[in-house]
Structure formats: C-alpha cells, structure tokens
Amino acid sequence: MKFDVSGKIALVTGSNRGIGKVIVEKLLAAGATKVYAAVRDPASVSALVASSGGRVIAVPLDLAKPETITAAAAVAKDVQLLINNAGVLKAANLMGADAFEALDFEIDINVKGLMRVAQAFAPVLKQNGGGAFVQLNSVVSIKNFPDFATYCASKAASYSITQALRDKLAEQGTVVMSVHPGPIATDMADSAGLTEIAEPPAVVADAILKGLAVGDFHVFPDSMARQFWQAYESFAKSMIETTMTEA
C-alpha cells in the first residue's frame, strides 16, 4: 500500500541527530503538518523545535523504558506515521565475556524496543486510519559481520519482527516498511570505524519517502545496500514478501 506523508502527522524516534534528525527535516519539507521528535532528552532537539515554526514537538521516549513509550503514545494520539529510527551498537568480541552484555543491551533496545513501540503505537495508528510504521534495520540484518556479531544478531531479530508486523498490522490497514542502510555518516558509523565509506543520512530519508510513496516493504537506500539488494531481491520477493499459508 502507498502512503503519502503530505498533510500527515509523524513521530520519529532518535530524532536528535544523524538519520533521525534528517528524517524529521525531510518530512517537514515533504509537507508533514506535525512531527513528534521522540528522544530520551527533549532538550537535545530544542534547536529543531525552535526552527520548525511550531511543527516539531519534543516528546520524551526511551526504548529501554516501556513507561516512556506508553506515555508518548498517550500524548501523540494523532500520529499517522511512526518511524522507529533509534537503535544502539555496542562493539564486543564475540569470543569475549563482554559479548553477552553487548547482546543483552542490543536486544533490549533494537528488538524489545521495537516491540514496545509497536505495541504502544499500533492502536494509535489504527484509530487514525491505519497509517504507516517504518523500522530502521540494516544490511547486517541479512549478513553477519564478525566484528559486530551481536549487533548483527539484534538487527536480524528486528528484521524478523518487522516481517511479522507487516502481516499483523496489515489487518488494521497499516503499511509497514523495513529499511536496510549500509554505512551512513552518523556517530554510530564513526564508532564502528566506517567513516570513510559512509554516505549522508539524507539518502536514507529520501529513500524512506520514496518507498512510502510507492508502497515498498524493503528499502535498501545507499550504494552498499543496493549491492546487497541485488543479491537478495529474488529471495525477498519470492519468500519474505509473499504470504505463505500452512499446508
């Protein structure tokens, strides 16, 4: 299903910097009437709020704290588009003792956080006509890189949950999208040592808007991601995007 952001009300998690901040700016430019900037510290988006002419509203939200997500859903009752951009990476040696702590942390935010947001906001989207739910996953959702093994595992799990959301939320008329960037110029990419090959956050935001407009489920926005999609597309179209029934 297609979704036009013009005239719509959106909420973007992790919108104080990087991809999330650019998504907010692109939504405003595309005609969104209001965008809730959902962040752990509302002060971190004060400049964005001030420059928006009243169209950006800061909302406290921490993916690790379910009560903040529930509270945000109670405030943002008019949301029609939810973009769950927030996520974490905690580098750890897979064979080291810290790998378990890293995996627990990443699963809690990247997977359970997604589930918390979906459970809180699916009823909001439903009451506002269905709307759209966009999840920022990654190319590592489909390919593990050993130096970031636990992060890759968490993103593979979030991609799996996103697939389930696509089917479950279709029942209420909600469009679901899974976005799979490669290295993007953010603090996370810097910490992972990927600065030199990273592409601007705008390529992700632009691809999301384009994907919503044409009704895509999978979005692979940047040059590295498109290489992944070239190899993965046939399987994705024939298996992931196809409704499968039990024999």
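Here the structure is a predicted model, which is why all the values come from computation and not from measurement.
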Given L114 and F133, is the side chain to side chain contact (heavy atoms under 4.5 Å, CB included) satisfied, shown in steps? CA-CA 11 Å; L114 163 60; F133 189 107; 3.7 Å; yes
What's the verdict on side chain to side chain contact (heavy atoms under 4.5 Å, CB included) for L81 and L212, showing C-alpha distance, side-chain angles and the deciding distance? CA-CA 10 Å; L81 167 63; L212 286 170; 4.1 Å; yes
Mind running side chain to side chain contact (heavy atoms under 4.5 Å, CB included) on V56 and V45 for me, showing each step along the way? CA-CA 9 Å; V56 175; V45 291; 5.7 Å; no
Go through K26 and I208 one step at a time and tell me if the side chain to side chain contact (heavy atoms under 4.5 Å, CB included) criterion holds. CA-CA 10 Å; K26 292 285 186 176; I208 289 172; over 6 Å; no
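When all heavy atoms are compared, the tightest approach of H180 to V139 is O-CG1, 3.5 Å. Nearest heavy atoms, A76 versus V124: O-CG1, 3.6 Å. Nearest heavy atom pair, residue V12 against residue G20, reads CG1-O, 3.9 Å. Residue K2 comes nearest to V175 through the heavy atom pair O-CG2, 4.5 Å, listed as atom of the first residue, atom of the second, then distance. The two residues L165 and A118 come nearest to each other via the heavy atoms CD2-CB, 3.8 Å. Here the closest heavy-atom approach between residue L11 and residue F121 is recorded as CD1-CZ, 3.8 Å.
Applying the 4.5 Å side-chain rule to ILVMFWY residues, one finds that V22 remains a lone member of its cluster.
The shortest distance between side-chain heavy atoms of S15 and V39 falls below 4.5 Å. Side chains of V134 and F3 form no contact here, defined as non-hydrogen atoms less than 4.5 Å apart. Between M115 and I161 there is a side-chain heavy-atom pair separated by less than 4.5 Å. Under the 4.5 Å side-chain criterion, counting only non-hydrogen atoms from C-beta, L169 is not in contact with K126. Counting only heavy atoms from C-beta outward, the side chains of N84 and L63 approach each other to under 4.5 Å.
Distance alone, capped at 3.5 Å, is enough to place a donor-acceptor pair between the K155 side chain and the L136 backbone. Between the side chain of N128 and the backbone N or O of K77 there is at least one donor-acceptor pair closer than 3.5 Å. Side chain of T33 to backbone of K8: a donor-acceptor contact under 3.5 angstrom is found. A donor-acceptor pair under 3.5 Å is formed between the side chain of Q80 and the backbone N or O of I9. A donor-acceptor contact shorter than 3.5 Å is absent between the side chain of Q135 and the backbone of Y159. Under the 3.5 Å distance criterion, the side-chain polar atoms of T70 are left unmatched by any main-chain donor or acceptor of A120. Between the N137 side chain and the V179 main chain, no donor and acceptor come within less than 3.5 Å of each other. The backbone N or O of S138 lies less than 3.5 Å from a partner atom in the side chain of S141, making a donor-acceptor pair. The backbone N or O of A236 sits nowhere less than 3.5 Å from a side-chain atom of E241 that would complete a donor-acceptor pair. A donor-acceptor pair is defined here as one N or O able to donate and one able to accept, closer than 3.5 Å; such a pair exists between the side chain of D222 and the backbone of G182.
Residue Y36 holds its OH atom at 13.0 Å from CG of L61, rounded to the nearest 0.5 Å. In this structure, OG1 in T162 is found 6.0 Å from CZ in F217, a value given to the nearest 0.5 Å. Interatomic distance, CG of D216 versus OG of S178, reported as 11.5 Å (0.5 Å rounding). Expressed to the nearest 0.5 Å, how far CD of E106 lies from OH of Y151 amounts to 8.0 Å. A distance of 7.5 Å separates CG in N16 from CZ in R40, rounded to the nearest 0.5 Å. Between E233 atom CD and R226 atom CZ the span is 13.0 Å, to the nearest 0.5 Å.
Side chains of E199 and S223: a donor-acceptor N/O pair is present below 3.5 angstrom, by distance only. Between the side chains of N110 and S158, no donor-acceptor pair of N or O atoms lies under 3.5 Å.
Between D62 and R116 there is no salt bridge, since no side-chain nitrogen of the basic residue lies less than 4.0 Å from a carboxylate oxygen of the acidic one.
Ring planes of W229 and H218: tilted class, angle from 30 to 60°.
Under the 4.5 Å side-chain heavy-atom criterion for Ile, Leu, Val, Met, Phe, Trp and Tyr, M1 and V5 are members of distinct hydrophobic clusters. When hydrophobic clusters are built by joining Ile, Leu, Val, Met, Phe, Trp and Tyr residues whose side-chain heavy atoms come closer than 4.5 Å, directly or via intermediates, I23 is not grouped with V214. Side-chain heavy atoms closer than 4.5 Å link hydrophobic residues (I, L, V, M, F, W, Y) into clusters, and following such links, possibly through other members, connects I57 to L82. Following chains of ILVMFWY side-chain contacts shorter than 4.5 Å, one cannot reach V75 starting from V35, and the two form parts of different hydrophobic clusters. F148 and I107 fall within the same hydrophobic cluster, defined by Ile, Leu, Val, Met, Phe, Trp and Tyr side-chain heavy atoms under 4.5 Å apart, directly or through other members.
More than 12 heavy atoms of other shown residues, nucleotides or ligands fall within 6.0 angstrom of atom CZ in F145. Annotation for E67: atom CD counts as buried by contact number, over 12 foreign heavy atoms lying within 6.0 Å.
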